[in-house]
Every structure is written in C-alpha cells, then in structure tokens.
Amino acid sequence: MRAIIVNTPGGSSALDHTEVPDPVPGDGEVLVEVAASGVNFIDVYQREGRYPLPTPFVAGSEGAGTISATGPGVTEFAVGDRVAWANVLGSYAEKQAVPVEKLVPVPGGLDLDLAAAVLLQGMTAHYLTHSTYAVQPGDEVLIHAAAGGMGLLLTQLAKKRGAHVTATVSSDAKEKLARAAGADVVLRYADVAANVRKSCQVVYDGVGAATFEDSLAALRPRGVLALYGAASGPVPPFDLQRLNPAGSLFVTRPTLGHYVATRAELLERANDVLGWVADGSLDVAVYHRYPLAEARQAHDDLEGRKTTGKLLLIP
Ligand SMILES: NC(=O)c1ccc[n+]([C@@H]2O[C@H](COP(=O)([O-])OP(=O)(O)OC[C@H]3O[C@@H](n4cnc5c(N)ncnc54)[C@H](OP(=O)(O)O)[C@@H]3O)[C@@H](O)[C@H]2O)c1
C-alpha cells in the first residue's frame with residue numbers, strides 16, 4: 001500500500017510518500033480501508049520529533065474508513081462496518097490496523113470524510129467545554145485561533161452551552177468564519193489585553209507561547225486556563241505563585257487521551273460529536289482535501305497559518 005512514512009524527524013520533507021507492506025490485523029484489531037485521514041497539529045510535533053516516536057513510523061493518528069478484515073478475537077465489529085478512530089498512529093495510509101477498543105461506529109448517512117474531519121478535534125472540543133471546564137449559560141469565554149480546526153468547533157460548542165464568546169484570529173477572512181461559528185466578539189491578538197481583562201470564566205488556548213500572558217490576564221478570580229496546545233510554541237517555565245494574586249487561578253494542560261480513557265467515555269463523546277454532525281447541529285468546515293501524496297503541502301499550509309477548519313488527506 002501507499003503510506004506517508006517518517007524515517008528521520010524534521011521539516012515537512014521528512015514526510016515520505018512510499019510503498020510499504022499492508023498491515024496485518026493482530027489480536028483484537030481490524031484492518032480498515034482508509035477513506036480519509038485527519039491532519040492534526042500533533043502530526044507536526046511527531047514529524048519534528050518534538051513528541052519523539054521510534055522510527056520509521058507511518059504518520060497520522062486519525063481516520064475513518066470501512067473494515068476489510070478482522071483479526072483474531074474480534075466480535076464487536078465486522079467486515080463492511082464504517083468506523084472512525086483517533087489517537088492511533090498510522091493513519092496517513094491506504095490501510096490501517098486499528099485496535100477495536102479505539103474504533104467508533106460512524107452513523108449511517110454521515111460521510112466518512114466528515115467523520116475523519118471531526119472525531120479528534122470534536123472530542124477535544126467536547127471534553128474542553130463539558131469536562132475540563134463545564135461551560136455554563138452566560139459564561140464569558142475566550143477562544144484563541146477561533147477560525148482553526150479546534151477553534152471553530154470550540155466556538156460552536158461554547159455557544160451551544162450558552163456562553164458569550166470572545167474569539168481571536170489573525171485576519172479579516174478568519175474573522176468572518178469565527179463570526180459564522182457564533183463568536184460574539186472577534187479580536188486580533190494584539191487587542192486582547194486592552195479589551196478582555198479579568199472577565200472570563202475560562203480561556204481555551206491552543207496557541208501557547210504567544211497568547212499565554214493575555215490568557216491569564218483575561219481570567220476572573222477562580223477562572224480556568226485550559227492550555228490545550230502550542231501552535232506558536234511551548235509556554236516557558238512558569239512561577240505557580242503568580243496564580244495566587246491573579247485570582248486563585250487554575251491552569252491545566254489537558255490532552256484527549258485522558259478524557260477518553262474508558263470505552264464508555266470514548267463512545268459517549270464520539271457519539272455526541274458524530275451525532276451532532278449527522279443531525280446538522282455541528283458544522284465541520286473542511287478547508288481542503290489533499291491527496292495522500294501531498295501530505296507535505298498539508299503540513300506546510302497548517303504550520304504556515306494558511307488554513308481554516310480541518311485538513312484531510314485522501315488516500
Ligand atoms: N490537547 C488536546 O487534546 C489537543 C487536541 C487537538 C488539538 N490540540 C492542539 O490544538 C492546537 C490547534 O490545533 P488545530 O489542528 O486545530 O490547528 P489550527 O487551529 O487549525 O491551526 C493553528 C492556528 O493557530 C493560530 N496560530 C497563532 N499563532 C500561530 C503560530 N505562530 N504558528 C501557527 N499557528 C498559529 C493560527 O490561526 P490565526 O492565523 O487565526 O492566528 C493557525 O491557523 C494545536 O496546538 C494542537 O496541538 C490539542
């Protein structure tokens with residue numbers, strides 16, 4: 001099969017489109033014909049070696065497709081089932097062996113590419129708005145990079161829960177998208193400090209180094225900074241004592257794996273998110289569907305702040 005392999009971590013040229021043997025499903029695994037793989041920032045961190053992985057590896061960790069074979073001991077799923085998964089390395093490929101405990105069924109009527117587009121970021125937006133901090137009606141919420149893959153979903157879910165959303169973006173075109181997703185106020189990053197001070201119950205910050213100080217300053221006493229990513233780079237070491245005079249603030253650095261830690265929790269979040277997309281109450285904006293062979297271009301575009309919404313690779 002064709003796949004995108006990383007032999008030596010580095011820039012986007014580390015992504016090699018090449019021929020590799022088909023995976024063979026082991027105990028408790030199925031083989032899936034991948035219809036679409038989601039591109040996520042974590043794929044960039046893994047490609048760069050910032051999140052080190054043993055090499056060589058097939059890149060990507062999110063996809064959707066149709067089961068073509070089952071390994072020993074698989075009873076929950078069968079050949080022909082339409083499924084999606086997140087946090088399983090090896091999705092930038094025509095085929096992937098996926099453990100059944102990571103599979104979620106894709107509802108009839110929902111396109112596989114939309115399932116691949118929403119699962120990882122949708123479940124992340126779900127846990128951030130329902131569990132890390134459970135947004136309440138009337139809450140003031142600040143969401144950075146609101147026109148991005150995560151940002152558009154977070155904005156919609158925070159609005160669904162009744163929040164007043166202030167969003168940040170870098171351009172007029174991105175502002176339009178953030179407003180369409182429901183943001184009440186849209187700011188450029190440089191205007192946050194002057195406009196949002198000590199008023200937010202929660203800040204959702206996936207930008208990291210560039211926004212961290214403004215995010216802290218935006219929180220009201222006992223507010224929560226959910227630092228869920230670092231698109232601009234990691235936040236430098238931080239003196240915890242600063243949280244005390246700033247208002248007994250909370251800072252957390254959450255990750256999806258810990259919020260889909262049981263099969264029940266995974267299915268609950270996945271079924272919510274896929275169900276909302278299927279019934280039209282959650283919009284997934286696919287920025288571009290790149291052929292698998294163009295994985296390098298997809299990474300360059302994502303890192304270059306050129307994109308909005310979700311990027312897909314189509315084998
Ligand atoms: N913790 C978790 O469970 C989890 C799960 C999924 C994703 N994430 C994290 O969420 C973050 C967003 O991921 P995503 O895939 O949805 O990406 P994205 O938001 O679609 O793309 C990143 C956006 O960040 C903004 N940005 C600001 N400064 C930037 C810089 N210096 N370089 C690049 N981008 C910059 C850009 O929007 P503007 O041009 O509008 O500024 C850019 O479009 C990533 O850090 C990712 O690792 C975390």
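Small disclaimer: the values here were computed from a predicted structure and weren't measured. Just follow the structure's listing: the first ligand is 1, and inside any ligand the first atom is 1.
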Parallel, tilted or perpendicular, as decided by the 30° and 60° cut-offs, for the rings of Y259 and Y127: parallel
Electrostatic pair R179:D184 at N-O distance under 4.0 angstrom: no
Polar contact flag for A231 and ligand 1 (N/O pairs, less than 3.5 Å): yes
Check ion pair R263-E268 (N to O, under 4.0 angstrom): no
Distance-only N or O hit between ligand 1 and N40, under 3.5 Å: no
Salt bridge R188-D172, side-chain N to carboxylate O under 4.0 Å: yes
Name of the residue among S37, S91, P291 meeting side-chain contact (heavy atoms from CB on, under 4.5 Å) with L313: S37
Protein heavy atom at shortest distance from atom 11 (C) of ligand 1: G206 O, 3.6 Å
F238/F212 aromatic ring centres below 6.0 Å: yes
Test applied, side-chain hydrogen bond (donor to acceptor under 3.5 Å, both in side chains); reference residue, S131; option that passes from E265, H126, H258, R269: R269
Distance from atom 48 (C) of ligand 1 to nearest protein heavy atom, with residue and atom: Y228 O, 2.8 Å
Numbered atoms of ligand 1 (with element) below 4.0 Å of Y45, judged on heavy atoms: 44 (C), 45 (O), 47 (O)
Polar atom proximity, L256 to ligand 1 (N or O, under 3.5 Å): yes
A230 touching ligand 1 at heavy-atom level, < 4.0 angstrom: yes
Nearest neighbour in protein (non-hydrogen) for atom 44 (C) of ligand 1: F41 CB, 3.5 Å
Heavy-atom nearest option to atom 20 (O) of ligand 1, drawn from G149, A226, P254, A167: G149
Closest protein heavy atom (residue, atom, distance) for atom 38 (P) of ligand 1: S170 OG, 3.3 Å
Enumerated ligand 1 atoms positioned under 4.0 Å from heavy atoms of S232: 28 (N), 30 (C), 31 (N)
Lys/Arg N to Asp/Glu carboxylate O, E33 vs R82, below 4.0 Å: no
Atom 3 (O) of ligand 1: the protein heavy-atom neighbour that sits closest, reported with distance to 0.1 Å: Y127 OH, 2.7 Å
Under-4.0 Å salt bridge between R220 and E140: no
Identity and distance of the protein heavy atom lying nearest atom 23 (C) of ligand 1: A145 CB, 4.0 Å
Salt bridge E29-K102, side-chain N to carboxylate O under 4.0 Å: no
Element-labelled atoms of ligand 1 that are located less than 4.0 Å from some non-hydrogen atom of E303: 33 (C)
D300 and S12: side chain donor to acceptor below 3.5 Å: yes
Residue pair T55 / N7, side-chain donor-acceptor N/O under 3.5 Å: no
Protein heavy-atom partner closest to atom 12 (C) of ligand 1 - residue, atom, separation in Å: M150 CG, 4.1 Å
Proximal atoms of ligand 1 relative to V207 (non-hydrogen, under 4.0 Å): 27 (C), 28 (N)
Numbered atoms of ligand 1 (with element) below 4.0 Å of G229, judged on heavy atoms: 9 (C), 45 (O)
Protein contact of atom 41 (O) of ligand 1 - nearest heavy atom, named by residue and atom, plus distance: Y189 OH, 2.6 Å
Ligand 1-proximal atoms of T168, by part, heavy-atom distance under 4.0 Å: neither
